[in-house]
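Naming: A, B, ... by sequence-line order, numbering from 1 per chain. These numbers come from the heavy atoms of this one structure, side chains and all, not from hydrogens, waters or symmetry mates.
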Amino acid sequence: SQQGEEDPQALSIQEGENATMNCSYKTSINNLQWYRQNSGRGLVHLILIRSNEREKHSGRLRVTLDTSKKSSSLLITASRAADTASYFCATDVSGYALNFGKGTSLLVTP
Amino acid sequence: DAGVIQSPRHEVTEMGQEVTLRCKPISGHNSLFWYRQTMMRGLELLIYFNNNVPIDDSGMPEDRFSAKMPNASFSTLKIQPSEPRDSAVYFCASSSWTGDSPLHFGNGTRLTVT
């Protein structure tokens with residue numbers, strides 16, 4: 001069953017700009033994860049934020065979590081052409097499996 | 001670390017034929033997942049194995065789908081008989097599931113049923 005829903009569905013920016021993607025979900029979660037998928041490849045884990053955390057950083061990535069609003073955001077700073085990909089949020093509600101949204105397609109142009 | 005290995009990468013078959021997708025998880029991982037990805041429905045969890053035992057198969061669409069994990073290093077997803085609506089990308093993922101462990105995905109099998 002689908003839990004997370006990303007917004008926007010598609011985003012086009014220029015290199016050097018920041019990209020922000022949002023995720024909303026419906027039920028209580030144990031943690032929320034963000035994944036990236038390049039065309040024709042599998043998903044790659046980017047970052048995990050636990051339900052008791054509000055913000056997390058990893059390199060150029062910043063993730064926030066607001067459990068009262070059941071929402072999360074992923075910020076990619078100083079974007080590069082290589083960041084072009086689809087980005088998915090995934091929620092852990094069961095303790096063993098992840099439910100994925102449909103993703104945000106990010107295009108970064110030089 | 002070779003990652004999760006799936007085969008074949010592409011499969012084209014005719015309606016009614018049997019299809020078998022294969023997966024080799026990362027060594028040492030005790031959890032294995034099969035997902036299906038389509039434009040319309042996104043990523044759907046089909047089945048989850050823990051220590052080679054199927055724990056949750058509620059996502060398997062119907063009896064035409066079956067999955068096995070005979071040992072810790074191999075799993076199969078079989079569709080018999082296949083139908084055009086089964087066309088999708090099928091992903092296998094593994095993890096050392098401790099609650100906070102990420103999933104490691106293979107590169108998927110793109111299935112086309114004509």
Side-chain angles (χ1 to χ4, degrees), chain A residues 1-10 21 23-53 56 58 61 63 65 72 74 85-105, chain B residues 1-10 21 23-26 29-51 53-61 88-110:
Chain A
S1 62
Q2 211 145 44
Q3 162 80 306
E5 188 170 318
E6 291 89 346
D7 171 63
Q9 288 188 329
M21 288 158 266
C23 170
S24 59
Y25 57 91
K26 297 174 184 174
T27 62
S28 297
I29 60 173
N30 298 315
N31 64 62
L32 185 144
Q33 304 180 30
W34 285 90
Y35 287 76
R36 183 188 73 222
Q37 183 180 31
N38 290 90
S39 180
R41 307 298 294 269
L43 283 75
V44 175
H45 180 259
L46 295 176
I47 195 166
L48 178 152
I49 187 165
R50 296 183 179 86
S51 60
N52 61 353
E53 297 175 314
K56 206 160 183 180
S58 176
L61 304 180
V63 170
L65 179 64
S72 172
L74 171 67
S86 292
Y87 291 82
F88 295 84
C89 69
T91 50
D92 172 14
V93 300
S94 62
Y96 61 82
L98 295 179
N99 294 323
F100 288 84
K102 288 188 176 180
T104 292
S105 178
Chain B
D1 182 357
V4 176
I5 300 172
Q6 290 187 247
S7 64
R9 286 282 279 135
H10 301 275
L21 311 181
C23 174
K24 177 179 169 55
I26 291 173
H29 282 185
N30 64 346
S31 295
L32 184 138
F33 306 80
W34 283 99
Y35 282 88
R36 177 171 69 177
Q37 185 177 39
T38 61
M39 289 293 292
M40 288 294 294
R41 300 173 68 88
L43 270 159
E44 302 172 278
L45 176 65
L46 299 178
I47 188 168
Y48 157 61
F49 290 88
N50 183 259
N51 292 323
V53 176
I55 304 299
D56 183 355
D57 65 355
S58 60
M60 297 285 264
V89 181
Y90 290 81
F91 287 102
C92 175
S94 70
S95 80
S96 54
W97 196 257
T98 59
D100 280 358
S101 301
L103 296 188
H104 297 258
F105 282 79
N107 282 325
T109 294
R110 181 174 293 278

Atom pair CZ (B:F91) and CZ (A:R41), whose distance is rounded to the nearest 0.5 Å: 10.0 Å
Around atom NZ of B:K24, are there more than 12 heavy atoms from other residues, nucleotides or ligands closer than 6.0 Å? no
Nearest heavy atoms of B:Q37 and A:F88, plus distance in Å: NE2-CZ, 3.6 Å
State, to 0.1 Å, how close B:L45 and A:A97 come at their nearest heavy-atom pair, and which atoms those are. CD2-CB, 3.4 Å
For atom CD of A:E53, decide whether the heavy atoms of other residues, nucleotides or ligands shown that lie under 6.0 angstrom number more than 12. yes
Separation of A:F100 CZ from B:E44 CD (nearest 0.5 Å): 12.5 Å
Do B:L43 and A:L43 touch side chain to side chain, with heavy atoms closer than 4.5 Å? yes
So NZ of A:K102 and OG1 of B:T38: to nearest 0.5 Å the spacing works out to 7.5 Å
Validation row: A:L98, B:Y48 side chains within 4.5 angstrom (heavy atoms): no
For A:G40 and B:R9, which heavy atoms make the closest approach, and how far apart are they? O-NH2, 3.2 Å
Interchain contact, B:R110 with chain A, by part (heavy-atom threshold 4.5 Å): neither
